[in-house]
J.: 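Once you've had a glance at the structure underneath, I'll fire off some questions.
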Amino acid sequence: MQEHIVIIGNGISGVTCARHIRKRSDSKITIISGETEHFFSRTALMYVYMGHMKFEHTKPYEDHFWEKNRIDLVHGFVEDISYGTKTLKIRSGEDVSYDKLVLAVGSKPNKFGWTGQDLPGVQGLYSYQDLELLEQNTHPYGTPENKQRVKRAVIVGGGLIGVELAEMLVTRNIKVTFLVRENKFWGNVLPKGEGELVKRHIIEHHIDLKLESELDVIHAGEDGKVSHIMTKSGERIDCELVGLTAGVSPNVEFLKGGDLALQRGIIINQYFETNQKDVYAIGDCAQFDEPVVGRRNMEQVWYTGRIMGETLAATLCGEKTKYNPGHWFNSAKFFDIEYQTYGWVFANNREGEKSFYWEHEKGKMCMHFVYEGSTGKFLGLNTFGIRMRHEVINDQLNHERSIDYVISHLADANFDPEFYTLHEPEIAAAFNSQTDYKVQLKKKSWKRILRLSK
Amino acid sequence: MKKIQLIAITLFAITMVAFVSSLFISGFQVSSETINSHLDSKGMKSEILKERLLNEVSGVEFSNSFSATGKIRSVFIESNAIHEANVAEHRSNKEWDKSNDERQNIAKGNYRDFAYDLMKPSGNGHVHENKGLWLFLTFGLASIASLIFILINLKVLGPAGIKNTGIYFENNTSKGWIAWVTFSFLVLFYIGLYFFPSVIINWTYIVDPVKDIFGGGGASQWFLYGLLYCTAMSIMGIRMIVKYRHNKYQIVRTISVVFFQVVFAFLLVEILPMFGLPGVDLKNAWPLDYDFLFDWNVTNLLANGHFGKFVFVWGISLSLVIIPVMVYFYGKRWYCSWVCGCGGLAETLGDPYRQHSDKTVKAWKFERYIIHFVLLFAVFMTIWTGYTSYQQVYHPDMDYNDKVTLLGISSDTIRSWYGFLIGSVFSGVIGTGFYPIFGNRVWCRFGCPLAAYMGLVQRFKSRFRITTNGGQCISCGNCSTYCEQGIDVRAYAQKGQNIVRSSCVGCGVCAAVCPRGVLKLENGPEFNRISPDNPIVLGNEAFTLNSDITD
Ligand SMILES: Cc1cc2nc3c(=O)[nH]c(=O)nc-3n(C[C@H](O)[C@H](O)[C@H](O)COP(=O)(O)OP(=O)(O)OC[C@H]3O[C@@H](n4cnc5c(N)ncnc54)[C@H](O)[C@@H]3O)c2cc1C
Ligand code: SF4
Ligand code: SF4
């Protein structure tokens, strides 16, 4: 009999896993997922709301892809799993049995027990249903001012999804107040310079950004819908919509009370194995019992979900493989400013780390390099408004290049479109004047970029 | 600000209404002199035609171009029908001489050009008497209104950046009724331009004052088209630059493509004849320029001294040497997005519709069949017409039938079918008319034989690629949505593979709209240009990447 691998969740991690299993083996694959029939890109939800795309465009594969690759899709929610008999129950009543089970069930928006957090007009932004709800809670694009359902929205929590929500709402002419607990934007991740840059840009987009303010209570009006909120400092803000974007947490509610080991997420080892035989977990919902050195025990981003899916597929097909992500990288966009990060740049330098920060005179581009003070070893880079070449930086991190090497080879790493003004001379000059290094810029070399020579 | 924009749109709509109604509010009165001299100059001998024209057309006040065209059409066709019937009768009586004589009476050509020639000198009425005023009311005001609208966007749309907000909500850009009206207008316009020029003759009056700058003589429908083309491209080019003002690639490329259109396809074509030289578009390359080896073009060039010969040699080297070499170094974008007029219109006037291209695998398959079919068709047609031109130049005394016949097929037949199907219907009516519904590069993607030719070079021997930035893709789909060539860019990017596709015109918009900085158009070594099929995407150290060939 063919082995039956069942995957719960058709997000990036579950789908990547399924695709790679199919590449490697002939097992029967079933993906069960409740949110949408087909895989779509969660990261693109904002573009659907803003009218850049239609929902169909967010689907990375055409609908015939699944049948062609013999990946069975079941649209439904799993309610219960019996690990002993290796069966699971779908809400519609059907039972499915598995030989191996992959939990790739993602996350849900955090709610911290605020009074009023479940009122109509209060919502997070994670799922397709959240997008539909947001359409209901707000007015259509182009609604004249006097007919707008929502005049002001309050967004709680200054992270990436919060900025996206702010950008979305602005396109419907909604005024946005953004409550951020920290004293700088995305304060637990971004260093001061970058935080300031993003803050300025958010304000440039007419967002009422309130740093160091926290939500206290959400109040309803006579119609039972949100009417205003109170901050901890006692300020009242009238609003018709509250967006809760204070992070996400693993979506493990339906797994509680069973035999599966859970903490915040599903506990796994480096092979994605849970405490139950033949049950694995990947993506947003997973929590490593022991994180890979230097990394967090929960990684809730697109890329790690994909890497976990790729890796687990090998194990499931008989080639037992450990989670071994390369150097950290991530990216995002704050309104018009793109952000990429490679390696580690923390909000505050760790012990022994040094920073070099360059900002363009117009204040919309910056680069922040972190290196080891004693050896000069390059550790990481934040870049805003300038694109960098992943392969090159990754290679520099792999080879433990020194900071002066990295600065002098900036031309290799630049990934901006052709004809863009290059700021490398300026960056190098700033570096030389701020440090004792005297770097000379090297010309861009395809040989180095393609790693044909050192 | 938004109010002013609303006023500008309204003004633009009014100018469009004025433009269309100008077709209906000017009459024609064809004089007997016009008729006589035209028949003489064309060597049309038919007495029936002449008499009927003098009786039924000359002196009659036609209230618009449709009724005038209609009348001339029926006279032309009926007169020919009588002569053809006579020919048949003489033949059946075996009166060969009579039949041959009568045959001379059948008017050559088609009634459309005939009507155009008779009507062009015969207009009267408001448009004809007030050309300058109408030029201002249509071209002038429309340009001003559009510019106001576009420049206000600098303020309304906020800081520079990708502003595709509302594209799938706005009526015009999401196939609403405005798109359908625009579609119908464009299709009808092209049908008029290619097949019924006499019907749109009033529009040529409107641009007569501009033609006067270039030596006068009355604007033809092609002059009208050229001017309209340049105006649309310039204004929508400014829109493009405003929209992408943060993106230098887009700015430089847009300036280039507008420059080549205005200077090479329009100004030079108009100015060269003022110096007695043939008005050729030097950037137009075979096989897009499908009539390059037609006998009239070849003989015309060879009859025009050094300049004509230069153009002839230039045309051949452009197609056979310059184009493949440039595609090798820069990809076909150097032509399609930087130089070409068709591409230029698509990138400017067509930009608001780029998202409508079909991204399915099915469409891709269809594309590969049809575009290569057109290329083959063009090559065959060129062999046949080239043969005819060769005989024309080297054996001018040969019988006409022998000159045009090769392997039993007439080059005249092939070329008229090509001209009709590909030259007019595909590239014009469908290629541009369909912008608002099927996207802006229908012709470039499915029909252009030059694109097919350059595509083969780009796919198999070129330094151009769109590099995918390691593992940074989030599969959002912006790139695929806005690829006017219907390339599913994301399908490559999310696998970490470079995009090397014959159809990519290098517009750079996928790279511009990507919110994660994943894509870069660049020219580099051919090594690993087409990414090896890596097991995984960069960022996963659990496996080795195939491309990691050193250390
Ligand atoms: C608005 C937004 C923007 C983002 N932008 C970025 C970004 O730019 N870059 C980045 O790296 N990351 C981004 N992320 C995070 C990224 O999207 C997630 O890390 C990633 O989608 C997680 O993938 P996953 O496969 O683990 O889970 P999910 O994508 O959450 O998929 C899990 C699926 O399982 C289904 N499911 C759950 N429980 C059950 C059940 N019991 N039965 C059946 N089905 C079930 C869920 O409905 C869901 O469809 C963003 C997230 C959001 C919400
Ligand atoms: S792939 Fe990119 S550059 Fe090529 S045609 Fe499509 S959008 Fe333009
Ligand atoms: S736009 Fe960029 S991030 Fe989005 S799918 Fe395309 S390459 Fe990937």
Side-chain angles (χ1 to χ4, degrees), chain A residues 12 20 23 41 43-44 47-48 50-54 57-62 140-142 171 201 204-205 302-303 306-307 310-311 314 321-327 329 331-333 335-338 340 387-391 394 415-421 446-447 449-454, chain B residues 158-162 164-170 174 246-252 355 359-361 467 469-472 474-478 480-482 488 490-491 494 508 511-513 515-518 520-522 524-525 527-528 535-543 547-551:
Chain A
I12 179 66
H20 283 268
K23 276 192 191 176
S41 177
T43 54
Y47 299 108
V48 177
M50 300 199 299
H52 290 214
M53 293 196 270
K54 291 208 220 175
H57 299 125
T58 68
K59 293 191 209 164
Y61 304 96
E62 284 183 62
Y141 173 84
T171 63
H201 189 58
E204 188 187 2
H205 277 276
W302 186 263
Y303 315 106
R306 189 180 61 206
I307 293 172
E310 287 166 351
T311 315
T321 311
K322 235 187 194 170
Y323 181 51
N324 183 14
H327 300 284
F329 65 97
S331 59
K333 194 171 177 186
F335 285 88
D336 304 312
I337 300 184
E338 286 172 24
Q340 296 181 339
R387 294 175 174 178
M388 285 283 146
R389 209 182 276 268
H390 187 182
E391 254 184 297
N394 195 57
F415 201 69
D416 272 342
E418 292 151 304
F419 301 108
Y420 270 43
T421 312
W446 273 108
K447 279 196 169 163
I449 294 173
L450 297 174
R451 277 166 288 152
L452 300 174
S453 74
K454 301 221 163 158
Chain B
I162 295 301
N164 286 334
T165 303
I167 285 194
Y168 276 98
F169 299 134
E170 301 275 2
S174 62
H246 59 289
N247 188 316
K248 276 218 182 122
Y249 181 78
Q250 297 301 331
I251 295 174
V252 178
Q355 63 282 0
K359 318 300 188 303
T360 57
V361 176
T467 303
N469 203 8
Q472 287 281 21
I474 52 169
S475 300
C476 70
N478 276 290
S480 296
T481 305
Y482 287 94
D488 190 358
R490 165 175 58 192
Q494 65 192 358
V513 298
R516 294 295 179 272
V518 178
K520 179 171 163 72
L521 283 67
E522 55 188 358
F527 173 77
N528 266 3
I536 47 101
V537 184
L538 186 67
N540 191 348
E541 299 280 314
F543 308 85
S547 64
D548 243 358
I549 48 144
T550 52
D551 48 63

J.: With a 4.5 Å cut-off on side-chain heavy atoms, are A:Glu338 and B:Ile162 touching?
T.: no
J.: Just give me the residue among B:Gly470, B:Gly471, B:Gly477 that pairs up with chain A most often, heavy atom to heavy atom, under 4.5 Å.
T.: B:Gly471
J.: Please answer whether the main-chain N or O of A:His52 pairs with a side-chain N or O of B:Tyr482 as donor and acceptor at a distance below 3.5 Å.
T.: yes
J.: Counting only heavy atoms closer than 4.5 Å, note whether B:Val513 contacts chain A via side chain, backbone, both or neither.
T.: neither
J.: For A:Lys322, is it the side chain, the backbone, both, or neither that has a heavy atom closer than 4.5 Å to a heavy atom of chain B?
T.: backbone
J.: Between B:Thr467 and chain A, with a heavy-atom cut-off of 4.5 Å, which part of the residue counts as in contact: side chain, backbone, both or neither?
T.: both
J.: Do the side chain of B:Asn469 and the main chain of A:Met388 share a donor and acceptor less than 3.5 angstrom apart?
T.: yes
J.: What part of A:Tyr61 lies closer than 4.5 angstrom to a heavy atom of chain B: side chain, backbone, both or neither?
T.: side chain
J.: Using a cut-off of under 4.5 Å for heavy-atom pairs, which of B:Ser480, B:Ala511, B:Gly158 has the most such pairs with chain A?
T.: B:Ala511
J.: Quick one: what part of A:Tyr303 sits under 4.5 Å from any heavy atom of chain B, side chain, backbone, both or neither?
T.: side chain
J.: What part of A:Lys23 lies closer than 4.5 angstrom to a heavy atom of chain B: side chain, backbone, both or neither?
T.: side chain
J.: Between B:Arg516 and chain A, which part of the residue has a heavy atom less than 4.5 Å away: side chain, backbone, both or neither?
T.: both
J.: Does A:Tyr420 form a side chain to side chain contact (heavy atoms under 4.5 Å, CB included) with B:Asn247? I'd like the steps, not just the answer.
T.: CA-CA 7 Å; A:Tyr420 270 43; B:Asn247 188 316; 3.3 Å; yes
J.: Against chain B, label A:Thr311 side chain, backbone, both or neither, depending on which of its atoms sit under 4.5 Å from a heavy atom there.
T.: both
J.: What part of A:Glu62 gets closer than 4.5 Å to chain B, counting heavy atoms only: side chain, backbone, both or neither?
T.: side chain
